[in-house]
Amino acid sequence: MNTRMTRQIVVIGGGPAGLAAAAAAKKNGAEDVLILERDRVLGGILNQCIHNGFGLHTFQEELTGPEYAARFIRIVEEQQIPYLLSTIVVDLARLENGRIAVSVMNRSEGLFVIEAEAVILAMGCRERPRGALNIPGYRPAGIFTAGTAQRFVNIEGKMPGREVVILGSGDIGLIMARRMTLEGAKVKVVAELMPYSGGLKRNIVQCLNDYGIPLKLSHTVVDIKGKDRVEAVTIAEVGPDRRPIPGTEEEYTCDTLLLSCGLIPENELTGKLGADLSPVTSGPVVNESLETSIPGVYACGNVLHVHDLVDYVSEEASEAGARAAEYVSGKDCAAGEPCAIRAVDGVRYTVPAVLRIGKMRERQVIRFRVGEVFRDAEVVIELDGKSYRSVRKKIMAPGEMEQVILPKKDLEEIKPSVITIRIRTNM
Amino acid sequence: MANQIRELTCIRCPMGCQIQVTLNEEKEVVNITGNTCPRGAEYAAAEVTHPMRTVTSTVKVIGGELPVVSVKTAGDIPKDGIMACMAAINQVQVKAPVHIGDVLLENAAGLGADLVATRDVEAI
C-alpha cells in the first residue's frame with residue numbers, strides 16, 4: 001500500500017464510455033489522464049457485441065461492436081492516453097484535500113493507491129441474474145444470462161446449448177435468439193413478463209420475426225425442470241397484476257434457459273464513495289456537468305443509466321470528459337443555484353436530475369425514459385409549475401430512451417427553481 | 001392467382017407501424033397501407049421484394065490469443081441466403097494473426113459480399 005501516484009483524471013472502465021470520456025478529457029486540455037480496465041483488452045462489452053448497427057449517429061455508418069470499439073481505441077492510442085489492463089478498482093474515498101483516493105489492484109503491482117483530482121465513473125452495468133428473479137424450480141446447469149451466453153459464443157467459441165428458451169425480451173436476449181439460431185440451435189420461444197417488449201423494434205423484426213421465433217408478451221417462466229441439466233421450462237400467461245394465470249401453463253423441452261431481464265448499473269464503488277444514488281436508475285444522481293454529488297467525480301454510460309444505443313453513450317461520455325477537464329483546469333465558472341428536475345406522470349427519471357444554470361451549455365440535453373407505452377402523447381416541460389413548452393410524440397416506449405433540449409438563454413431569463421417533466425396523454 | 005397481401009412491422013423508427021403490402025401475380029408492389037410516412041413505404045417495398053441483411057458471426061482461429069474471430073459480410077446479402085452464408089462461414093478456418101478488415105472469404109456462398117474480420121486476433 002506504499003505506492004502512491006497522483007493523476008489529474010482517472011477514468012474507471014475502458015469500455016465505450018471510458019474511452020470516449022478519456023479522449024474528450026485529453027482533447028479539452030487535461031494532460032494527465034489514466035484509464036483503468038478490469039479486462040485484458042479495452043472495448044468493454046462491445047467486444048462481444050459482434051452484430052452490426054453501431055455508429056449510425058457517431059460515424060454515419062453501420063459498424064459491428066468490435067469495429068466501433070476499435071475506432072475509439074485508435075483515438076485513445078493516437079492521443080497517447082495511458083491505460084492499465086487487468087486492473088481492478090477496489091475502493092474509492094474522498095480525501096480531506098478534496099482529491100479522490102482510488103485503490104487499485106493488479107497482478108504486477110499488487111495493491112496501490114492513485115490520488116486523482118477528478119474521477120470519471122464508466123464501469124457500465126450488469127445483467128439481472130436468476131437470483132434476483134425469483135424463478136421457482138431446480139438449480140440445474142444450463143441457465144445463463146443472455147450476456148454470458150453471448151460471451152461464450154462470440155469470444156470463447158462455445159455453444160451453451162442446443163434447444164433454447166429465453167425469458168425477457170431485452171436487446172441482448174433478442175440478439176442471442178438470432179445468434180444461437182444461426183449457430184444451429186433451436187430457439188423455441190421468447191417469454192416477456194410485460195405486455196410490451198423491452199427491446200428495440202428493429203431487433204424484434206430482425207432477430208425474431210426473420211427466424212420465426214415466437215414472442216409471448218405477458219408470459220413468464222413458472223417452473224424449471226431437470227436436476228443436473230435443464231430438461232424443460234414451463235411458461236404461463238400473467239394477468240395485469242403480473243401473476244401467472246392458472247391453467248395457461250405450457251411446457252417447452254429445452255436444455256438451456258437464457259435470461260434477458262434487465263441491466264443494473266454497477267455502482268458498488270460509487271456507493272462506497274458516498275455519492276447519492278437514484279433509486280430508479282441505480283446510477284448516481286448527476287447535474288448538468290454529469291458530476292455526481294461528490295465534487296470532481298463524474299459519471300457516464302451505463303453506470304449512470306442504461307442506454308440502448310452506444311452512440312448516445314459516446315456522446316454523454318465525451319461531455320463528462322470535457323467537464324472533468326474543465327474541473328481540473330481550475331477555470332470553473334460560477335455555478336449558480338441548483339435547479340431540480342422532477343420526473344412525474346409517466347417519466348421515470350431524467351439525466352441530469354439537477355441543473356445549475358450558470359454551468360449549462362447553450363443547449364442542454366435532458367435524457368429520460370417513460371414507464372409505459374404512450375401513443376399520441378405530449379412531453380410537457382414546466383418551469384416553477386408554469387407550462388413552458390410541450391413536444392408531441394407519436395409513440396414513446398420504455399425500451400427507447402427519449403430526450404428534450406433546454407436552451408440556456410430561456411432558463412437564464414426565467415431562473416426557475418424547479419423544472420418538471422411529465423407526459424400528458426390526450427383524453 | 002390473385003393479389004397477395006404481406007404484413008410487416010416497419011423498423012425505420014420507434015413507431016413500428018403495421019404495414020400491409022399488396023403484391024400482384026408478378027410479385028410487383030401494387031399497394032401499401034398502414035405506413036404513416038414515406039420512409040415506411042420505401043422500407044416495406046424493399047422488404048417484400050428483395051429483403052437484405054448483413055450477416056455477422058465468428059470464424060475459427062488457429063494459433064490465436066482467442067479461439068474465434070468475429071466476422072461480417074462486407075455488404076448486405078439477400079435474406080434467404082443467410083443460412084447458406086452461415087454454412088460457408090462455418091467451413092472457414094484462419095491462422096492467427098487476423099486483423100480487422102482482413103478478407104477471410106471472397107464472395108461468401110456466391111451471394112455477392114466478402115466475409116471480413118471485425119476485430120484483431122493476434123498470434124500466440
Side-chain angles (χ1 to χ4, degrees), chain A residues 40-41 43 46-54 62-71 73-74 150 152-159 175 178-179 181-184 196-197 200-211 308 370 373-376 393-402, chain B residues 6-19 36-37 40 43-44 47 51-62 64-76 78-80 82-90 93 98-101 113 116-122:
Chain A
R40 44 173 282 279
V41 288
L46 287 172
N47 288 317
Q48 68 183 59
C49 297
I50 65 165
H51 53 281
N52 66 326
F54 301 90
E62 215 170 326
L63 301 172
T64 64
E67 292 172 311
Y68 188 94
R71 299 272 174 114
I73 293 169
R74 195 184 313 145
Q150 189 180 42
F152 277 134
V153 179
N154 294 346
I155 306 266
E156 324 269 340
K158 296 199 164 57
M159 277 291 277
I175 293 283
R178 173 175 63 187
R179 186 76 188 107
T181 305
L182 288 178
E183 289 295 346
Y196 50 81
S197 164
L200 299 172
K201 198 109 230 165
R202 154 198 173 103
N203 287 334
I204 306 271
V205 172
Q206 297 202 342
C207 299
L208 300 187
N209 299 0
D210 271 9
Y211 301 92
D308 24 65
V370 292
V373 177
F374 290 101
R375 283 176 195 278
D376 286 320
K393 297 266 182 180
K394 278 194 163 178
I395 189 159
M396 285 178 283
E400 320 233 359
M401 196 183 282
E402 296 290 337
Chain B
R6 291 269 309 274
E7 288 254 354
L8 64 154
T9 310
C10 184
I11 59 165
R12 295 299 292 266
C13 86
M15 280 285 289
C17 293
Q18 288 297 316
I19 303 182
T36 49
C37 76
Y43 166 79
E47 186 65 16
M52 304 289 281
R53 299 287 186 270
T54 296
V55 174
T56 62
S57 187
T58 53
V59 155
K60 204 174 218 179
V61 178
I62 299 156
E65 53 182 351
L66 291 173
V68 290
V69 61
S70 55
V71 296
K72 69 172 181 184
T73 52
D76 286 348
K79 186 180 140 189
D80 58 15
I82 291 176
M83 282 306 175
C85 185
M86 279 304 297
I89 290 172
N90 289 339
Q93 290 196 359
V98 188
H99 293 112
I100 195 164
V116 298
T118 56
R119 70 172 292 170
D120 295 338
V121 175
E122 300 303 335

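Because the structure is predicted, anything quoted here is derived from the model rather than measured. A note on names: the letters A, B, ... follow the listed sequences, proteins ahead of strands, and every chain is numbered from 1.
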Open item on the list: Do the side chains of Arg53(B) and Glu47(B) get close enough for a salt bridge, i.e. N-O under 4.0 angstrom?
Closed with: yes
Open item on the list: With a 3.5 Å distance limit and no angle check, can you tell me whether Thr73(B) reaches the backbone of Val55(B) through a side-chain donor-acceptor pair?
Closed with: yes
Task: Contact origin within Arg178(A) toward chain B - heavy atom pairs under 4.5 Å - done: neither
Open item on the list: Pair Gln150(A), His51(A) - check side chain to side chain contact (heavy atoms under 4.5 Å, CB included), show working.
Closed with: CA-CA 11 Å; Gln150(A) 189 180 42; His51(A) 53 281; 4.0 Å; yes
Open item on the list: Do the side chains of Lys72(B) and Glu62(A) get close enough for a salt bridge, i.e. N-O under 4.0 angstrom?
Closed with: no
Task: Heavy-atom contact with chain B under 4.5 Å, split by part of Asn47(A) - done: both
Open item on the list: Taking every non-hydrogen pair under 4.5 Å, which of Asn154(A), Val205(A), Leu182(A), Asn52(A) racks up the most with chain B?
Closed with: Leu182(A)
Task: Segment of Cys10(B) engaging chain A (4.5 angstrom heavy-atom cut-off) - done: backbone
Open item on the list: Which atoms of Ile82(B) are under 4.5 Å from chain A, going by heavy atoms: the side chain, the backbone, both sets, or neither?
Closed with: side chain
Task: Most contacts with chain A, counted as non-hydrogen pairs under 4.5 angstrom, among Thr56(B), Val69(B), Leu66(B), Ile89(B) - done: Thr56(B)
Open item on the list: For Ala70(A), which atoms come within 4.5 Å of any heavy atom of chain B: side chain, backbone, both, or neither?
Closed with: side chain
- [ ] Answer whether the closest heavy-atom distance between the side chains of Lys394(A) and Arg375(A) falls below 4.5 Å.
- [x] no
Open item on the list: Side chains of Glu67(A) and Ile50(A), heavy atoms from C-beta outward: is any pair under 4.5 Å?
Closed with: no
Task: side-chain hydrogen bond (donor to acceptor under 3.5 Å, both in side chains) evaluation trace for Thr9(B) with Arg202(A) - done: CA-CA 9 Å; Thr9(B) 310; Arg202(A) 154 198 173 103; over 6 Å; no
TODO: Select one option (side chain, backbone, both, neither) describing which atoms of Gln48(A) are under 4.5 Å from chain B's heavy atoms.
DONE: neither
Open item on the list: Given heavy-atom pairs under 4.5 angstrom as the criterion, report whether the side chain, backbone, both or neither of Tyr211(A) touches chain B.
Closed with: side chain
Task: Asp120(B), part contacting chain A, at a heavy-atom distance under 4.5 Å - done: neither
Open item on the list: I'd like to know which of Glu156(A), Arg179(A), Met396(A) tops the heavy-atom pair count under 4.5 Å against chain B.
Closed with: Arg179(A)
- [ ] Under the side chain to side chain contact (heavy atoms under 4.5 Å, CB included) rule, what do Tyr43(B) and Ile11(B) come out as? Steps first, then yes or no, please.
- [x] CA-CA 8 Å; Tyr43(B) 166 79; Ile11(B) 59 165; 3.5 Å; yes
- [ ] For chain A, find which of Thr58(B), Thr118(B), Val61(B) contributes the most heavy-atom pairs closer than 4.5 angstrom.
- [x] Thr118(B)
